[in-house]
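Here is the structure we will look at, set down as structure tokens.
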Amino acid sequence: MGGVEGKVVAITGAGSGIGEATAELLAERGAKVVIADLDRQEEKAKDVVATTGGLFVACDVTDPEQVITAVDAAKELGPVRVLVNCAGIGWPQRTIGKDGQYSSAHDLGIFTKVIQINLIGTFNCIRLAATAMSQTEPLDEFGERGAIVNTASVAAYDGQIGQAAYSASKAGIVGMTLTVARDLAVSGIRVNTIAPGFIDTPMVAYRFSTPDGDIDEARRDEVFADRASGTVLKRIGQPIDIALAMLYLASGASSFMTGQIVRPNGGMVMP
Ligand code: NAD
């Protein structure tokens, strides 16, 4: 299947963090990138559009019509060869409250929303992008047409306090990876999942944000040092660390890999 040069790559959640770094790296390697993110991220995504020369498409991954619009926009650029699912949210809450009241138990609306975006949204993008990929011409003698890379998390295996919904959503992605890879093998589409450890992106900033939205730098240093100490490499990850793994799984360098979970996490052992 070769590298990603000249290939059309759709990346969800590409307006920020890991998705943004992946869009930048893949564009640098010659891919034509479609930056699919929420319409409210369009302003923020202007930088990634500028650096990648990519196309921004407003797309909520939970909405089938919007995902079809994004896939169709990608098809305008050429045969869709790669889907990278990065869109996701974290919304921590403990399973029960402290006051013994039923009303303070975990909000089911929040639980549902996290599953809806992280798990069902990922599957929604897989099923629709894979449909488009299945109609393309094979790229090599093995019949490969495309590659899909999903984003789970260390929390799929080792969720922290307050991560019930997030862990369940990411474990769902891990759980479906092999099954979907089996479903799509006949169409020449490989499916793998990356389960990152702690990565320095806007998603983790709630841990050290002040109530008015500023960053408490001392607290940030403390959180980062704590997370770094839980890895054997003694550092937290940067978005580029995950983007490099995305590049590998998106390209022909991983042509014998499907149904796998890759875990770039610095050798993390969660406390
Ligand atoms: P981020 O908040 O920087 O980026 C997430 C992006 O997803 C945002 O641009 C956001 O607008 C987009 N998004 C959210 N809901 C969406 C929806 N319904 N439709 C389309 N786009 C939507 O966070 P990040 O850290 O770059 O996260 C990327 C992925 O990596 C997520 O799936 C996250 O769960 C996963 N992850 C992150 C870490 C970490 O430590 N940062 C660790 C493990 C896994």
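One-based numbering, in listed order, for ligands and for the atoms of each.
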Within the structure, does [X] bring an N/O atom to less than 3.5 angstrom of an N/O atom in ligand 1?
X: Ser16; value: yes
X: Asp60; value: yes
X: Val61; value: yes
X: Ile199; value: yes

Please report which non-hydrogen protein atom sits nearest to [atom], along with the residue it belongs to and the distance in Å to one decimal place.
atom: atom 31 (C) of ligand 1; result: Cys86 O, 3.2 Å
atom: atom 17 (C) of ligand 1; result: Leu38 CD2, 3.5 Å
atom: atom 30 (O) of ligand 1; result: Thr151 CG2, 3.3 Å
atom: atom 12 (C) of ligand 1; result: Asp37 OD1, 3.3 Å
atom: atom 42 (C) of ligand 1; result: Gly197 O, 3.1 Å
atom: atom 27 (O) of ligand 1; result: Met203 CE, 3.9 Å
atom: atom 24 (P) of ligand 1; result: Thr201 OG1, 3.5 Å
atom: atom 36 (N) of ligand 1; result: Tyr166 OH, 3.5 Å

Select one of side chain, backbone, both or neither to describe which atoms of [X] lie under 4.0 Å from any atom of ligand 1, heavy atoms only.
X: Ala155; value: neither
X: Ile18; value: both
X: Lys170; value: side chain
X: Gln41; value: side chain
X: Ala36; value: neither

>> Is it true that Ser134 and Ser187 share a donor-acceptor pair across their side chains at a distance under 3.5 Å?
In response: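 Side-chain D/A pair, Ser187 to Ser134: absent.
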> For atom CZ of Phe256, is the number of surrounding heavy atoms from other residues, nucleotides or ligands below 6.0 Å larger than 12?
Replying inline: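 No, because the 6.0 Å sphere around CZ of Phe256 holds 12 heavy atoms or fewer from other groups.
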> Is the number of heavy atoms from other residues, nucleotides or ligands under 6.0 Å of Phe123 CZ greater than 12?
Replying inline: no
Are [X] and [Y] packed together at the side-chain level, in the sense that at least one heavy-atom pair is separated by less than 4.5 angstrom?
X: Met176; Y: Val191; result: no
X: Ser104; Y: Ile96; result: no
X: Leu77; Y: Val34; result: yes
X: Asp214; Y: Asp216; result: no

> Out of curiosity, is Pro202 lining ligand 1, as in a heavy atom under 4.0 Å away?
Replying inline: yes
>> Contact between ligand 1 and Ala152 is defined here as a heavy atom of the residue under 4.0 Å from a ligand atom; is it met?
In response: yes
With heavy-atom distances below 4.0 Å as the criterion, list the atoms of ligand 1 near [X].
X: Gly13; value: 6 (C), 7 (O), 9 (O), 12 (C)
X: Gly88; value: 5 (C), 7 (O), 14 (C), 31 (C), 32 (O)
X: Gly17; value: 3 (O), 26 (O)
X: Val204; value: 39 (C), 40 (O), 41 (N)
X: Phe198; value: 40 (O)
X: Cys59; value: 19 (N), 20 (C)

Can you tell whether the side chains of [X] and [Y] come within less than 4.0 Å, N to carboxylate O?
X: Arg235; Y: Asp241; result: yes
X: Glu137; Y: Arg145; result: no
X: Arg29; Y: Glu5; result: no

> To the nearest 0.5 Å, how far apart are OG in Ser169 and CG in Asn118?
Replying inline: 4.0 Å
> Short question: side chain of Gln260, backbone of Thr258 - any donor-acceptor pair under 3.5 Å?
Replying inline: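 Answer holds: yes.
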>> Looking at Ser16 and Gly13, would you say the former's side chain and the latter's main chain have a donor-acceptor pair under 3.5 Å?
In response: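 Checked: no pair found.
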Using a 3.5 Å cut-off and no angle test, enumerate the donor-acceptor pairs between side-chain atoms of residues 84-95 and protein atoms at least two apart in sequence or in another chain.
| unit_1 | atom_1 | unit_2 | atom_2 | d |
| --- | --- | --- | --- | --- |
| Asn85 | ND2 | Asn150 | OD1 | 2.9 |
| Gln93 | OE1 | Asp107 | N | 3.1 |

>> Tell me whether the NZ or CZ atom of Arg263 lies within the 45° cone about the ring axis of Tyr157 and under 6.0 Å from its centre.
In response: yes
